[in-house]
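Take a look at the structure below.
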Amino acid sequence: MMFLILMLGYLLSKSGMIPENGKKLLSDLTLNVTLPASIIKSFQTEFSAGIARSCAAIALVSLFIQVACTLFSGYLYPHMPHDRKRILQYSTVTSNAGILGSVVAQGIFGEMGLLYASIYLIPQRIFMWSVGMRYFTDGLDKKKILRQVALNPCIIAVGVGLVIMLFQVPLPAVLSAAVKNIASGNTLLAMLLVGNILAQVDLRTVPERDTLYYSFVRLVLVPGIVLLCCRLAGMESLVTNVAVVLSGMPGPATAAALAAKYGREEQFATKCVVLSTLLSLVTVPVWCLILA
């Protein structure tokens, strides 16, 4: 189903029905409207000690993944040119889990999967705007970083959702219905966005040694290590499954945007995003079969 919507986005972009600036609109709507609504909707569930333990576990797993990726990304690309290495390090520390991962987690694991994914993404969003920005800029404005994290619509949605779940706050019927209907558009917009990104690149130029190596790291190596560590630690199956699937998401679209902004091989960054996204159409279902 997701692949069909992706292809629709690809065809609409190729035909011109989604204009060249459509990517920004789709991205803004997904990140600022439908995804936050989906997150709030996922927290509208009965709270229990088991859910609290699972949320704490997925947060710790995510933090471990972010720290490990930050530490080891410096050793994964030793012979790359400086600009490429920076792009690859950023794209290893972060991923497209914020958009594509949330949709996949909800589609495969239901509302609880999206709830755990929302918690999982908190450390990644913090690292994206702190450690991640270090790869593109010489200095970091700590106040600006804190503001970007605190005002991120998805982080705000998690905060609202936690209040709703912890205190079992019922939303008014009209508001609840509005949130539910807005959330229902998340999969559509997210997959149209991915299709739009693919349509803007000449796919024949995408596969090369460096992009293939990065895709292996992002889609196979990282989730494989996460699966091994979660199994050894005896993590709950749903926590393990969500962590593995989200850690195996393709490269982040923000990598290309930041590379363009700071003059660091925008085309290479775009190729990494596109190739890893294409290959994830195979690797993500394979990981799901392994986890089943």
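Since the model is a prediction, treat every value here as computed from it, not as a measurement.
Ser247 and Pro223 make their closest contact through OG-CA, 3.3 Å (heavy atoms, listed as atom of the first residue, atom of the second, distance). Ala117 and Leu246 get closest at one heavy-atom pair: CB-CD2, 3.7 Å. Closest approach of Ser118 and Ile39 over heavy atoms only: OG-CG1, 3.4 Å. The nearest pair of heavy atoms linking Ile87 to Ala259 is CD1-CB, 4.1 Å. Contact between Leu35 and Gly98 at its shortest, heavy atoms only, is CD2-O, 2.8 Å. The shortest heavy-atom contact between Val206 and Thr211 is O-OG1, 3.0 Å.
Linking ILVMFWY side-chain heavy atoms closer than 4.5 Å, directly or via other members, places Leu26 and Leu188 in a single hydrophobic cluster. A continuous path of hydrophobic side-chain contacts links Val220 to Val282 [ILVMFWY only; heavy atoms under 4.5 Å]. Transitive grouping of hydrophobic side chains (ILVMFWY, heavy atoms separated by less than 4.5 Å) keeps Leu227 and Leu232 in distinct clusters. Clustering ILVMFWY residues whenever any of their side-chain heavy atoms sit less than 4.5 angstrom apart, transitively, puts Ile122 in a cluster other than the one holding Leu114. In this structure, Leu162 is not a member of the same hydrophobic cluster as Ile164, with clusters built from ILVMFWY side-chain heavy atoms closer than 4.5 Å.
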Working for side-chain contact (heavy atoms from CB on, under 4.5 Å), residues Arg125 and Thr94
CA-CA 8 Å; Arg125 288 192 169 102; Thr94 185; over 6 Å; no
Test Leu76 against Leu88 for side-chain contact (heavy atoms from CB on, under 4.5 Å), laying out the working first.
CA-CA 9 Å; Leu76 290 171; Leu88 293 173; over 6 Å; no
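A distance of 6.5 Å separates CG in Leu275 from CG in Leu278, rounded to the nearest 0.5 Å. Rounding to the nearest 0.5 Å gives a distance of 7.0 Å between CG of Leu100 and OG1 of Thr277. Considering CG of Leu279 and CG of Leu219, their distance stands at 6.0 Å, rounded to 0.5 Å. Atom CD1 of Ile40 sits about 7.5 Å away from atom CG of Leu171, to the nearest 0.5 Å. Atom-to-atom distance recorded for Leu6:CG and Leu192:CG is 8.5 Å, nearest 0.5 angstrom. Of the inter-residue distances, the one linking Ile108 atom CD1 with Asn241 atom CG reads 9.0 Å to the nearest 0.5 angstrom.
Looking only at side-chain heavy atoms (C-beta outward), Val194 and Phe3 stay at 4.5 Å or farther from each other. By the 4.5 Å heavy-atom criterion applied to side chains, Val245 and Cys288 are counted as neighbours. Contact annotation: the side chain of Asn196 never approaches that of Leu12 to less than 4.5 Å [non-hydrogen atoms, C-beta and beyond]. A heavy-atom distance below 4.5 Å is not found between the side chains of Tyr90 and Ser73. By the 4.5 Å heavy-atom criterion applied to side chains, Gln106 and Ser42 are not counted as neighbours. Side-chain contact between Val273 and Pro250 is absent, with no heavy-atom pair separated by less than 4.5 Å. Between Gln89 and Arg86, some side-chain heavy-atom pair lies under the 4.5 Å cut-off. At a threshold of 4.5 Å between non-hydrogen side-chain atoms, the residues Leu203 and Val274 count as touching.
Not a single salt bridge (charged side-chain N to carboxylate O under 4.0 Å, His left out) links Arg209 to another residue, sequence neighbours left out. Residues satisfying the side chain to side chain donor-acceptor pair (under 3.5 Å) criterion with Gln168, sequence neighbours excluded, are absent altogether. Partners of Tyr213 under the ring-ring contact (aromatic ring centres under 6.0 Å, His included) rule, at least two apart in sequence or in another chain, are Tyr77. For the side-chain contact (heavy atoms from CB on, under 4.5 Å) test, no residue two or more places apart in sequence or in another chain qualifies with Leu11. Take Ser280 and apply the side chain to side chain donor-acceptor pair (under 3.5 Å) test, not counting sequence neighbours, and it matches no residue. Legend: residues meeting side chain to side chain donor-acceptor pair (under 3.5 Å) with Tyr135, ordered by chain and number and at least two apart, are absent. Considering only residues two or more places apart in sequence or on other chains, Arg84 meets the salt bridge (charged side-chain N to carboxylate O under 4.0 Å, His left out) condition with Glu208, Asp210, Glu265. When the side chain to side chain donor-acceptor pair (under 3.5 Å) test is applied to Asn152, no partner is found at least two apart in sequence or on another chain.
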What pairs of donor and acceptor atoms, side-chain ones from residues 48-69 against any protein atom, are under 3.5 angstrom apart with sequence neighbours left out?
residue : atom : partner : partner atom : Å
Ser48   : OG   : Ile51   : N            : 3.3
Ser54   : OG   : Gly50   : O            : 3.0
Ser54   : OG   : Tyr116  : OH           : 3.3
Ser54   : OG   : Glu236  : OE1          : 2.4
Ser62   : OG   : Tyr120  : O            : 2.5
Gln66   : NE2  : Val93   : O            : 2.8

Throw together a table of side-chain donor-acceptor distances under 3.5 angstrom for residues 172-185, partners on residues two or more places apart or in other chains.
residue : atom : partner : partner atom : Å
Asn181  : ND2  : Ala177  : O            : 2.7
Ser184  : OG   : Asn181  : O            : 2.5

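Residue pairs meeting the side chain to side chain donor-acceptor pair (under 3.5 Å) criterion with at least one partner in residues 214-223, sequence neighbours excluded, do not occur; the list is empty. Identified under the side chain to side chain donor-acceptor pair (under 3.5 Å) test for residues 32-41, with sequence neighbours left out: Thr34-Asn186, Lys41-Glu111.
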